[in-house]
Structures are given as C-alpha cells and as structure tokens.
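The chains referred to below are lettered A, B, ... by the order of the sequence lines, with proteins before strands, and numbering in each begins at 1. No experiment lies behind these values; they were computed from the predicted model shown.
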Amino acid sequence: AQSVAQPEDQVNVAEGNPLTVKCTYSVSGNPYLFWYVQYPNRGLQFLLKYITGDNLVKGSYGFEAEFNKSQTSFHLKKPSALVSDSALYFCAVRDMQRGNKLVFGAGTILRVKS
Amino acid sequence: EPEVTQTPSHQVTQMGQEVILRCVPISNHLYFYWYRQILGQKVEFLVSFYNNEISEKSEIFDDQFSVERPDGSNFTLKIRSTKLEDSAMYFCASSEAQLEAFFGQGTRLTVV
C-alpha cells in the first residue's frame, strides 16, 4: 500500500532562516507526490506536486520540494521563512491502484518565530 | 478561480440523527472524495467516487455512511444514526485523475 511518513511532529525556525519539512514515501510504481498546507479552521490548500520531470519542483508562496528517488524522500523547503508560513503541513501520495485517493502523512506543525 | 464548496460550514446534531453534508465539486473534475479530520490531526480517507460509483472506501466508511451524486453537480455524504465519535471536520475534494485534489473549506460536524 502507498504511504508517506512525516517524521517530525513540529518544526521550529526563526523568521528569515531556511526551512525544511521532511517527508518520505513508500509506493509501488511511479510516485505522485503532493504537499498541502492547512491554516487553523481552514481546508487543505495545495502547494505543489511532483508527477514527473525535474526533481526540484516549485510551488505557491515561495515553497519548493526536492524529489529524491534513491532516498524515497520529498522534502518541502523554503529559502527564507515568514511568520505567516506558520501552519500545519501535509505530505501526500496518490494511490493510483485504489480509487486514485490521496494518502496523507500525519502532518507537521511549522512554527516560525520573529 | 474554481473552488470546491461545502455546506453547511457547521452542523450540530443529536446522537442517533441522520446528517447530510453537501459539496459542489469543481465542474470539470471526474474524481470526488470525502475525508475527515478529527481535532486538527491526521486527514483520514473515507471514500472516493468516480463514474457514478464508489471506487474505493476505507474501513471507516461502513454501512452508516453513504454517498450520492444526485444531480450531476452536488456530491453528498450521508451519515445515518450519528455517534459521538463521528464529530470531526469533513472535507470534500475533487480532482482530475492523477493531478492535485482541491479541497473545500470543510463542514464541522458536532454530535451531542
């Protein structure tokens, strides 16, 4: 079965510093990987995806993610964190064999301090 | 920009009552989903729907739950005989095949 793991419950970073939110995946076949962000009492907002092509994908709000096949990772990154980036971040993989559903990781809380 | 809309935003119901959560997916999307999230924790898959039938459902999605696409635009989740543990945020989503899914703002269901 497809799965993703987010090993950190919380990531703390100072404003202006680079941030990384980690994600590893386990899939059979080609991975379709996604990052979503959730602000308090809101829905999930799509940030970026990897389907094929360049290993570095760019998304909304200055976020990017690096796909690494050998390490089965898809870490979310941003060169300079903003306080407004503080939110809950979810990594997800699409299960093409089972209803095309997204399978989510447990989520990582990002706190950016000024 | 097209978006997924969900109604109501908040539903309070008595235990044992039936509730219907409504969603209008993005119009050209073919895949529809319901997820739930308890207290801001993990996002749990409930069911996926394609070509007017359920394509996958989780263990959570038992006989208490059902989905319908009654009129080609709405996509509903019905929960019969609600239980306290059904209290959660319920999210509807839609997508085109393997592309990203777009989520609604959710319905907060509170069972009392």
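- Using a 4.5 Å heavy-atom cut-off against chain B, the contacting residues of residues 9-37 of chain A are A/Tyr32, A/Phe34, A/Tyr36.
- Annotation: B/Asp62, atom CG; neighbour count of heavy atoms from other residues, nucleotides and ligands within 6.0 Å is above 12.
- Heavy atoms of B/Tyr35 lying under 4.5 Å from chain A belong exclusively to its side chain.
- Within the 4.5 angstrom heavy-atom criterion, atoms from both the backbone and the side chain of A/Leu102 approach chain B.
- Contact detail for B/Tyr33 and A/Asn100: the closest heavy-atom pair is OH-O, 3.2 Å.
- The hydrophobic clustering, which links ILVMFWY residues whose side-chain heavy atoms are closer than 4.5 Å, places B/Met15 and B/Phe65 together.
- Note: the hydrophobic cluster containing B/Val4 does not contain A/Phe104 (ILVMFWY, side chain heavy atoms under 4.5 Å, direct or indirect links).
- For the atom pair CD of B/Glu100 and CG of A/Leu44, the computed distance is 13.5 Å after rounding to the nearest 0.5 Å.
- Looking at A/Arg42, both its backbone and its side chain come within 4.5 Å of chain B, counting heavy atoms on both sides.
- At a 4.5 Å heavy-atom cutoff, B/Ile54 makes no contact with chain A through either its backbone or its side chain.
- Taken to the nearest 0.5 Å, the CZ atom of B/Phe45 stands 9.0 Å off from the CG atom of A/Asp95.
- For residues 77-93 of chain A, a heavy-atom distance under 4.5 Å to chain B picks out A/Leu88, A/Phe90, given by residue number.
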Start with the C-alpha gap between A/Lys101 and B/Ser58, add the side-chain angles, then the distance that decides, and say whether side-chain contact (heavy atoms from CB on, under 4.5 Å) holds.
CA-CA 10 Å; A/Lys101 67 186 181 191; B/Ser58 71; 6.0 Å; no
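- Residue A/Tyr61 places its OH atom among 12 or fewer non-hydrogen atoms of other residues, nucleotides or ligands, all under 6.0 Å distant.
- Counting heavy-atom neighbours within 6.0 Å of B/Asp71 CG, excluding the residue itself, gives a total above 12.
- Among all heavy-atom pairs drawn from B/Lys42 and A/Gly105, the shortest one is CG-O, 4.0 Å.
- Clustering ILVMFWY residues whenever any of their side-chain heavy atoms sit less than 4.5 angstrom apart, transitively, puts A/Ile109 in the very cluster that holds B/Met89.
- For B/Gln6, no part sits under 4.5 Å from any heavy atom of chain A, backbone or side chain.
- Rounding to the nearest 0.5 Å gives a distance of 5.0 Å between CZ of B/Phe91 and CD of A/Gln38.
- Under a hydrophobic clustering in which Ile, Leu, Val, Met, Phe, Trp and Tyr are joined whenever their side-chain heavy atoms come within less than 4.5 Å, directly or via other members, B/Leu109 and B/Val47 fall into the same cluster.
- Contacts between B/Gln41 and chain A at a heavy-atom distance below 4.5 Å involve the backbone alone (N, CA, C, O).
- For the set B/Gln37, B/Lys57, B/Arg108, the count of heavy-atom pairs under 4.5 angstrom toward chain A peaks at B/Gln37.
- Contact annotation for B/Ser9: neither backbone nor side-chain heavy atoms come within less than 4.5 Å of a heavy atom of chain A.
- Applying the 6.0 Å contact sphere to CD of B/Glu85 captures more than 12 heavy atoms from other residues, nucleotides or ligands.
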